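Contents: one structure, followed by commentary.
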Amino acid sequence: MLKIWSMKSAQQKAENADGAAGKKKKVTPAQLRVQKDLSELSLGSTMKTVFPDPDDILNFVLEITPDEGIYHGGLFTFTFTMGPNYPHEPPKVRCQQKIYHPNIDLEGKVCLNILREDWKPVLNLNAVIVGLQFLFLEPNASDPLNKEAADDLRSSRENFRRNVRIAMGGGSIRGVTYDRVLTTR
Amino acid sequence: MAAAATESGVSRWQYLDHIRRTRGPFNQDSDVSEEALATLDKTKILVIGAGGLGCEILKNLALSGFKDIHVIDMGTNSYALAPDTIDISNLNRQFLFRKDDVGKFKAEVAAKFVEKRVQGVKITPHNCRIQEFDEDFYMQFQMVVCGLDSIEARRWINATLVNMVDMENQDSLKPLIDGGTEGFKGQTRVVFPTLTPCIECQLDLYTPRAAVPLCTLATIPRQPEHCIEWAHIIAWDQEKPFPSLDKDDPEHITWLYRKALARAQEFGITGVTYSLTQGVVKNIIPAIASTNAIIAASCCNEALKIATTAAPSLGFEESYMMYSGDDSIYTNTFKYEKKEDCAVCGEVAKPLEVNPNWTLRELLDSFSTKADLQLKKPSIRAEGKTLYMQFPPSIEEQTRSNLDKTLKEGLGLDVNHEVAVTDPAFPALTFRFILRFA
């Protein structure tokens with residue numbers, strides 16, 4: 001074999017290594033990155049994280065309680081799942097409630113550009129959280145996942161607002177029953 | 001019988017031996033003694049993947065004089081959690097397989113075939129995922145050659161080989177030769193773990209798979225692929241026709257195909273076919289036999305050069321050979337730089353001496369007083385274990401009780417466990433330490 005080892009020794013001399021017996025246990029790159037992302041999160045007063053298992057930081061739930069806008073008074077929860085390839089792949093985010101929103105479908109899928117086509121490894125969890133928060137303040141009729149809700153918003157904002165309130169109260173719109181998300185606060 | 005075998009063996013490797021015995025400008029210092037020549041016989045080499053590249057690599061290595069080869073084929077069928085088996089569509093380029101082999105394990109059939117055709121080689125097949133083996137398994141090889149189609153598998157073996165490098169053990173440094181093809185394009189890279197840029201350093205070279213916005217799929221599909229993706233991502237989820245999607249089950253693909261076709265008709269889009277559906281859902285990249293042959297040959301050349309020192313290999317100077325057959329032929333060999341902040345081979349964890357009876361609080365306090373750290377609000381994790389996080393508040397609350405536990409008894413930390421420390425005062429840094437007990 002090549003004289004690789006002598007090169008390795010030369011490299012290591014300056015770094016002054018030492019080793020000991022015992023099984024190595026390394027923190028994975030995805031965990032390292034999520035740890036960093038979490039410590040830089042700015043949640044404000046409208047968001048909260050819940051970790052079902054604090055040792056598994058790759059899975060958590062984000063609670064959003066918008067304090068203004070059409071969705072004011074609701075409590076929405078999103079599951080966040082980061083795979084082993086994070087941040088080279090975006091986090092998977094899903095809304096746990098069935099809600100009436102032009103950019104969130106009835107299965108909870110979210111249409112947010114940075115969760116799919118515009119994700120880049122330099123983005124972080126904070127960018128996603130800001131994006132989600134924005135969706136509740138400014139629902140967007142031009143990128144619809146729930147087409148009825150988008151048409152509704154486009155034709156009459158007042159009508160849309162009324163329907164959102166009905167849906168948030170657990171009512172139904174055009175035959176679809178939505179989850180009650182109103183908080184008692 | 002034995003004598004005849006030896007004699008035919010001599011003539012069989014005559015030309016290869018000649019190359020190895022002849023000193024040239026690049027191997028003046030090589031050891032060309034009989035003893036050194038015999039080392040090739042003892043080299044144990046691991047091939048990962050027994051597909052298009054893997055078949056070529058196994059054949060080439062055996063014909064180059066490697067005698068002890070292991071092959072793992074872990075399969076890409078992540079849904080069925082079973083090793084990949086031979087599909088009829090493989091037969092055009094995976095030439096070690098015949099029609100009768102359809103449904104059998106790739107590694108097994110490939111090993112048997114090459115053993116039968118090349119006398120004196122021993123090939124040991126493993127039908128499982130690479131992740132099922134630990135460092136002890138990988139330690140037995142002198143070299144690893146990859147012929148994979150998965151970035152994830154490459155990253156895993158790369159990280160494993162980098163982590164295995166141990167200053168106390170020369171044999172722990174295993175060169176990694178990575179081949180890859182996509183249509184008419186291909187690449188060969190050689191990594192000397194921790195010494196030269198690793199796979200993770202070069203991750204930016206992959207172009208991410210172009211994703212279509214979800215709302216386009218949901219409302220305004222324009223291409224047949226949009227209809228298929230809609231069936232795959234949205235319709236499947238809504239209707240859940242089967243408990244979970246098995247991309248290799250024709251019944252499942254047929255369901256998606258019918259859904260996509262109906263949607264295409266609704267929007268006046270043409271071009272949705274069964275094979276396109278299969279291609280989009282399984283993300284099939286066209287494979288071309290001759291590209292595989294060229295890249296595999298290059299990989300095996302590097303393996304032979306590293307094992308014999310007969311000529312300089314890729315690695316220390318130029319480490320990356322790209323090949324393009326798209327527009328006539330073009331190849332370029334270049335040097336890729338190591339990434340200083342590489343998540344795998346950069347900022348390697350530093351040893352940190354601690355007292356196993358310290359509480360976590362005492363450890364964190366020591367970070368604030370250490371002159372080279374001075375961390376006031378450290379958060380700390382170990383592999384699969386959140387020791388203490390200052391933020392967000394919910395996890396702080398959940399991990400606060402760990403502060404009064406002792407490192408070894410209370411928290412299960414041990415020598416050689418890595419801990420990662422972050423602090424909001426240094427947003428760009430992660431401090432990584434390997435624990436040593438004082």
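This is a predicted model, so every value here is computed, not measured. Labels below follow one simple rule: chain letters A, B, ... track the order of the sequence lines, proteins then strands, and each chain is numbered from 1.
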Is the closest side-chain heavy-atom distance between B:Arg432 and A:Leu32 below 4.5 Å?
-> yes

Indicate the atoms forming the closest heavy-atom contact of A:Pro144 with B:Ala218, along with that distance.
-> O-CB, 4.1 Å

Does NZ in B:Lys376 sit with more than 12 non-hydrogen atoms of other residues, nucleotides or ligands closer than 6.0 Å?
-> yes

Find out whether A:Asn113 and B:Pro213 are in side-chain contact, i.e. whether some heavy atom of one side chain is under 4.5 Å from a heavy atom of the other.
-> no

Is the closest side-chain heavy-atom distance between A:His88 and B:Glu200 below 4.5 Å?
-> yes

Using a strict cut-off of less than 4.0 Å between a Lys/Arg side-chain nitrogen and an Asp/Glu carboxylate oxygen, indicate whether B:Asp237 and A:Lys109 qualify as a salt bridge.
-> yes

Just wondering, do B:Ser379 and A:Leu38 contact through their side chains at under 4.5 Å, heavy atoms?
-> no

Any side-chain heavy-atom pair of A:Ser39 and B:Gln390 under 4.5 Å = no

Please examine the side chains of A:Leu145 and B:Leu214, heavy atoms only from C-beta on, and report whether any two atoms are closer than 4.5 Å.
-> yes

Hey, what do you get for CZ (B:Phe391) to OG1 (A:Thr49), rounding to the nearest 0.5 Å?
-> 7.5 Å

Atom group of A:Glu40 that falls short of 4.5 Å from chain B, counting heavy atoms | side chain

Do A:Phe51 and B:Pro392 have side chains that get closer than 4.5 Å, going by heavy atoms?
-> yes

Do A:Phe60 and B:Ile395 touch side chain to side chain, with heavy atoms closer than 4.5 Å?
-> no

When you measure from the side chain of A:Asp55 to the backbone N and O of B:Thr386, does any donor-acceptor pair fall under 3.5 Å?
-> yes

Report, by ascending residue number, the residues of residues 114-141 of chain A in heavy-atom contact with chain B at a distance under 4.5 Å; give 'none' if the set is empty.
-> A:Arg116, A:Glu117

